[in-house]
Amino acid sequence: MSTVEEFIAFLRSLSDKWSHRYEEDRVFESDPADSVPKYFVTAAYMYPSGPIHVGHGRTYLVADVVARFKRLLGYNVLFPMGFHYTGTPVLVRVEAIVENNTKEIESMSRAFNVDVDTLRSLRDPVSFARFFHELSKEVMKRYGLSIDWRREFTTIDPEYRDFIRWQFYKLLKLGLLIKGTHPVGWCPRHNMPVSMHDTEGDVEPEIGELTLIKFRDSEGIIYPVATLRPETVLGVTNVWVNPDVRYCLTEVDGETWLISCSAVHKLRYQLKKVEVLKEVEGATLVGKTLQNPVTGDEVRVLPAPFVSQKFGTGVVMSVPAHAPYDFAALRDYVNTVLQGSWPDELRPRPLIRVQGYGDIPAKDVVEALGVSSQKDVEKLEEATRRVYRDEFERGVMRDDVTTYVKIARRDVIDFLRDNVAGKPVREARENVKKLLTALGSFDRMYEVLNAPVYCRCGTEIVVKILENQWFIDYGNESWKRLAREALAGMRIVPEESRKGIEATIDWLKERACARTRGLGTELPWEPGWVIESLSDSTIYMAFYTVIHRIRSLGISPERLGEYFWDYVFLGVGNPAEVAAKAGISVSDLESIRREFTYWYPLDSRHSGKDLIPNHLTFFIFNHAAIFPKELWPRQIVVNGWVLVEGAKMSKSKGNVKLLGNLINAYSPDALRLGIALSAEVEQDLDLSEDIILSAARQLMRIYNTIRELSERVRAIDGRPQDRWLRGVLRQHVSSYIEELENVRLRSAAIRVYMKMLEDLETYLKWAGEPGVAVKEYLTTWVKLMSPFTPFIAEELWSTLGGQGYVAKATIDKEIATRDPIFEVERRYVDLVVEDIRSVLEVVKGDSAVLYVSDRSSSHIVRTVAEMMMQGHEMNSILRKVSKDMARLGIKQVDRALRSIHEAVNYIGPENILRYYEEKGEFDEFEVINRYGGLIASKLGLKNITVYMASDPNAPDIAGRKQRALPLRPGIYVGSNTT
RNA sequence: GCGGGGGUGCCCGAGCCAGGUCAAAGGGGUCGGGCUUAGGCCCCGAUGGCGUAGGCCUGCGUGGGUUCAAAUCCCACCCCCCGCACCA
């Protein structure tokens, strides 16, 4: 095999061969084994609204590598997988198919790599999900995921639904579910809630609350002005209506309201009964006199074209001191209608002091920006943004606001003095709302702040208030405490993500957990409401542990129920009664319970980082609520995005890479290795073809090397080279374990596929003939590869005569420990090589002479190492050893010490001390002689000559003898040296 | 706005939490050499500046500070990315 393409084809054939064998021999079906330690790992199940893509592929690879790695260490590992049918996205796709939307169907066909006819046959949500579920599952198998498929389920399986009902009853009984009303974006045509992915242009409708303040005319008709800034009610000079808009006189919940006719239907979605009594032109309202409910002031209704009928009620209070629109409109009115003379009652009334502005901030900004009239929308928007922001953040209500109150109401004045005057705006706002409520003049409505937002069907979205809405109360403080406690006991990889989860626990409030459409489980006590997808996926890891047993024992879903799950998951109830109700024997029931207690708690949970602010945090919350402390999860691993050409994958960009396509193109092993090599787990991974191809090439080299070497190994042993190779292997194995324990996949992959090959080649170059140590090296090497590239590893394993599957092999404990003697020698040799190399940078030569210091100076090294271990700094070490060094004839003592310090640090003070402990001495002369061949071969030198610096018979070339320091030999580089 | 993460050499990216091992790992790119019929494979070396001996100078967003010593600690500032909910 000489080309990458041929090799990739070969890799594909290996994956076919071995994935079938995995399945036939049920290699990854895991059952409890009491004497063996367990490891339970899960990754977030996918939502099958399309085929599995490489983003899933990355998360699942990390989980799979961890699973296979733990098997290497001897754990009984369970890695299951399910499919999340709950939710709505699939509904939209099926809708397109049923409506015969050709454009949409063709776009799906391209994106999903599925032919149009097949897509057209998927005419209901379940068939659609089922199709992509099965397709994705086949890809997962080919990808080499070591999953126990007996435990697979979907979230609409009857057993799962029963399990979710159990969970929700639990939450209800714990007081963690609450009922209430909730505003949502709503499409009047579809009659259902809409969110970002249901809107044109994927706009998230922003819902804001407006305060309605009831101004009344002399007949008692209510003019509900809509505002985001109720605290400014004290500074109202007039009320605006748009003269060119139709207004409706209506009856709202028994009151008579005057509102724009466009507001009528909006209010109807917000739990108001609205009846239209009569329509009037806005112009006819101008001139009416209204009473400000707080100040008692009589204000006029004036015309203003800027007032939108679409926003709020179409009736607006005018606060010219603090609202740029109002100031500009009033200025227009004064200039056109009143010929420029500004009457006293329309003068701006200052309410808020804010640094950087005068008494009338709106005027300042309008003039500073050069706003020409109320139609100068762009500048007015900017002016409004500034004033709003500065006043809200830094503004303080003036002390004299009470002087605006024109009625003799002591209680109102007292309230304003105590709760509004002198208070920051944000505080005053809330208090004014309270006051308005007390005065019977408060109401609220919701508005789409970034309107207009359109549903995909073209209908404009409104705000609807949903009743009977159930919330999971993540705002519950004692629950938050439990969640924090659970988090504190968990390992988070990468550790940086912990803060994100903590912050999420802090700000999480009530979460609406059910909705009116989509697949899933109905709330048992609220028909018509389906538990939404992020709420029915928080503790399902427990379900994996027992579902296959429920099925194999033939327990019918109708016989399940609270009693059953209580016993299986919590050990609550009488086993005999529970077994009888379930229709199984007590011993079978006990075995189900034992299966759960064997696997739980979950050891590692894997997902992408996008799930931190939702799923992963809910996962912690719900475990903390439902399970006892000892069953709380132990670890979360989050991975970064997969980027394509530097851009995030998204359906709209059409750059979603399907896992199946990549596997076909590159083979599972090359793809897996490419992904592992591309980025460490927390980083975003920019997937490039180059790196996958170079992974394939590297696999080819390794494969060829191993095949060829396994034939050539000879019965030689005991040479320095062989000991070196064994030492190197031990180093690699222990570093590999450290790396994978910390989920450093990339480092571990670089080690196994790059460094280990490099070291093997160094050995071969140095040793010439491969000894039996090579055989050991290869066998372990293949094991280390198996988590990353399982198929080629299986093939090589059988080539090397391994028993069974390498997927089931374990690492020799002995080999997994470091050898401190070897460690010191290797590092020392590396240091010498680097030193010689740095000389070779300035002088050319083909041979080197080394002068090593003798044992009489080794106590200096020991002292330096000891002092470093104790945390001493350079200065104190110098004080301690300088005399000694001087006595040995070392010149420039401080510089020499720095050099020794550097060496000790590089080799590791603790390693050095252990070396002394075990061998008594560090004999540099002997070590360099032993490794001379390696040094020469690494540097490409013809020969290396070593002398003791203290040897009077050794020639002193170029005065290099005296350069010898402990751990830093004197070096002479030249040609033709004798 | 609130919250989280981050700014490192031509590029990507480690290191900073536990300051000296850091001119700064590992990739990629580029340059030189080798191998080869050839190379788009592979191997070796170089890749801030200076230097005929293991050294010196500059340097890790910007500006200050602490320290014998700072990419690493402290303060201020600038910039970038990601979440903010009923949506998987």
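Note that these values count all heavy atoms, side chains included, but never hydrogens, waters or copies made by symmetry. Numbers restart at 1 for each chain; the letters A, B, ... are given by sequence-line order, proteins then strands.
- Of the P atoms belonging to B/C43 and B/G48, the separation is 22 Å, rounded to the nearest Å.
- Contacts of A/K509 with the nucleic acid, taken as non-hydrogen atoms under 4.0 Å apart, include base atoms.
- Atom pair A/L616:CG and B/A85:C1' shows a separation of 15 Å (rounding to whole Å applied).
- When both distances must be under 3.5 Å, the Watson-Crick or G-U wobble mate of B/U72 does not exist.
- For the pair A/L534 CG and B/A85 P, the interatomic distance rounds to 13 Å; values are reported in whole Å.
- Of the nucleotides present, none pairs with B/A53 by Watson-Crick or G-U wobble criteria with both distances under 3.5 Å.
- When the nucleotides B/C43, B/C87, B/C41 are ranked by their closest atom to the side chain of A/R701, B/C43 comes out on top.
- In this entry B/U66 has no Watson-Crick or G-U wobble partner, no candidate having both defining distances under 3.5 Å.
- How far CG of A/L611 is from CG of A/L534: 7.5 Å, rounded to the nearest 0.5 Å.
- The side chain of A/Y972 has B/A53 as its nearest neighbour among B/A88, B/A53, B/G54.
- Among the heavy atoms of the strands, none lies under 4.0 Å from A/E206.
- Taking atom P on both nucleotides, B/C57 is separated from B/A24 by 15 Å, rounded to a whole Å.
- If you take CZ of A/R751 and C1' of B/A25, they are 12 Å apart, rounded to a whole angstrom.
- Figure legend. B/U37 is base-paired to no nucleotide; pairs are counted as Watson-Crick or G-U wobble with both atom distances under 3.5 Å.
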In 5'-to-3' order, the base (B), backbone-only (S) or no-contact (-) status of each nucleotide in nucleotides 1-18 of chain B, using a 4.0 angstrom heavy-atom cut-off, is S-SSSS------SS----
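- Using atom C1' as the reference point in both B/G28 and B/G13, the two lie 10 Å apart (nearest Å).
- In this entry the distance linking CZ of A/R517 with C1' of B/A88 reads 13 Å, nearest Å.
- Separating the P atom of B/A23 from that of B/A76 is a span of 30 Å, rounded to the nearest Å.
- Distance, A/F621 CZ to B/A85 C1': 13 Å, rounded to whole Å.
- At the heavy-atom level, A/I750 lies under 4.0 Å from the strands shown only through sugar-phosphate atoms.
- Here, B/C11 and B/C60 have their P atoms 14 Å apart, quoted to the whole Å.
- Using a 4.0 Å heavy-atom cutoff across all strands shown, A/R697 reaches sugar-phosphate atoms only and no base atom.
- Taking the six-membered ring where tryptophan is involved, the planes of A/H84 and A/Y47 are perpendicular, since the angle between them exceeds 60° and thus also 30°.
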Determine, step by step, whether A/R701 and A/E761 satisfy the salt bridge (Lys or Arg N to Asp or Glu O under 4.0 Å) criterion, reporting the C-alpha distance in whole Å, the side-chain angles of both residues, the deciding distance to 0.1 Å, and the verdict.
CA-CA 11 Å; A/R701 287 178 62 196; A/E761 284 173 346; 3.2 Å; yes
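- The interatomic distance linking A/I935 (CD1) with B/G54 (C1') rounds to 15 Å, in whole Å.
- B/C84 is paired with B/G1 under the criterion used here, namely a Watson-Crick or G-U wobble arrangement in which both key atom distances are under 3.5 Å.
- Using a 4.0 Å heavy-atom cutoff across all strands shown, A/P494 reaches no nucleic acid atom at all.
- The aromatic rings of A/Y540 and A/Y45 lie parallel to each other, their planes meeting at an angle below 30°, with 60° marking the opposite boundary.
- Distance check on atom P: B/G27 versus B/C44 gives 10 Å, rounded to whole Å.
- No side-chain N or O of A/T521 forms a donor-acceptor pair with one of A/D536 less than 3.5 Å apart.
- B/C17 and B/G5 have their C1' atoms separated by 15 Å, given to the nearest Å.
- Applying the 6.0 Å contact sphere to NZ of A/K499 captures no more than 12 heavy atoms from other residues, nucleotides or ligands.
- Using bins of under 30°, 30° to 60° and over 60° for the plane-to-plane angle, the ring pair A/F10/A/F7 lands in the tilted bin.
- Nearest to the side-chain atoms of A/H182 among the listed nucleotides B/A88, B/C86, B/A53 stands B/C86.
- Paired with A/R751 under the rule side-chain contact (heavy atoms from CB on, under 4.5 Å), one option of A/R746, A/R744, A/E739 passes, and it is A/E739.
- Taking the C1' atom of each, B/A25 and B/G9 are spaced 13 Å apart, rounded to whole Å.
- In this pair, A/Y474 and A/F618 present their aromatic rings parallel. The plane angle is below 30°, not in the 30 to 60° band.
- In this structure, B/C77 forms a base pair with B/G61, meeting either the Watson-Crick or the G-U wobble geometry with both donor-acceptor distances under 3.5 Å.
- Comparing A/L508 and A/M754 by the nucleotide of RNA chain B that holds the closest heavy atom to each, the one mapping nearer the 5' end is A/M754.
- As rounded to whole Å, 14 Å separates atom C1' of B/A53 from atom CZ of A/R968.
- Nearest heavy-atom pair, A/L487 versus A/R498, reported as atom, atom and distance to 0.1 Å: O-NH1, 3.0 Å.
- Pairing for B/G45 is with B/C31, a Watson-Crick or G-U wobble pair whose two hydrogen-bonding atom distances lie under 3.5 Å.
- Nucleotide B/C41 holds its P atom 17 Å from the CD atom of A/E6, rounded to whole Å.
- Across all strands shown, A/N614 has heavy atoms under 4.0 Å from base atoms, whether or not it also approaches the sugar-phosphate.
- Side-chain nitrogen and oxygen atoms of A/S678 include none within less than 4.0 Å of the OP1 or OP2 phosphate oxygen of B/G27.
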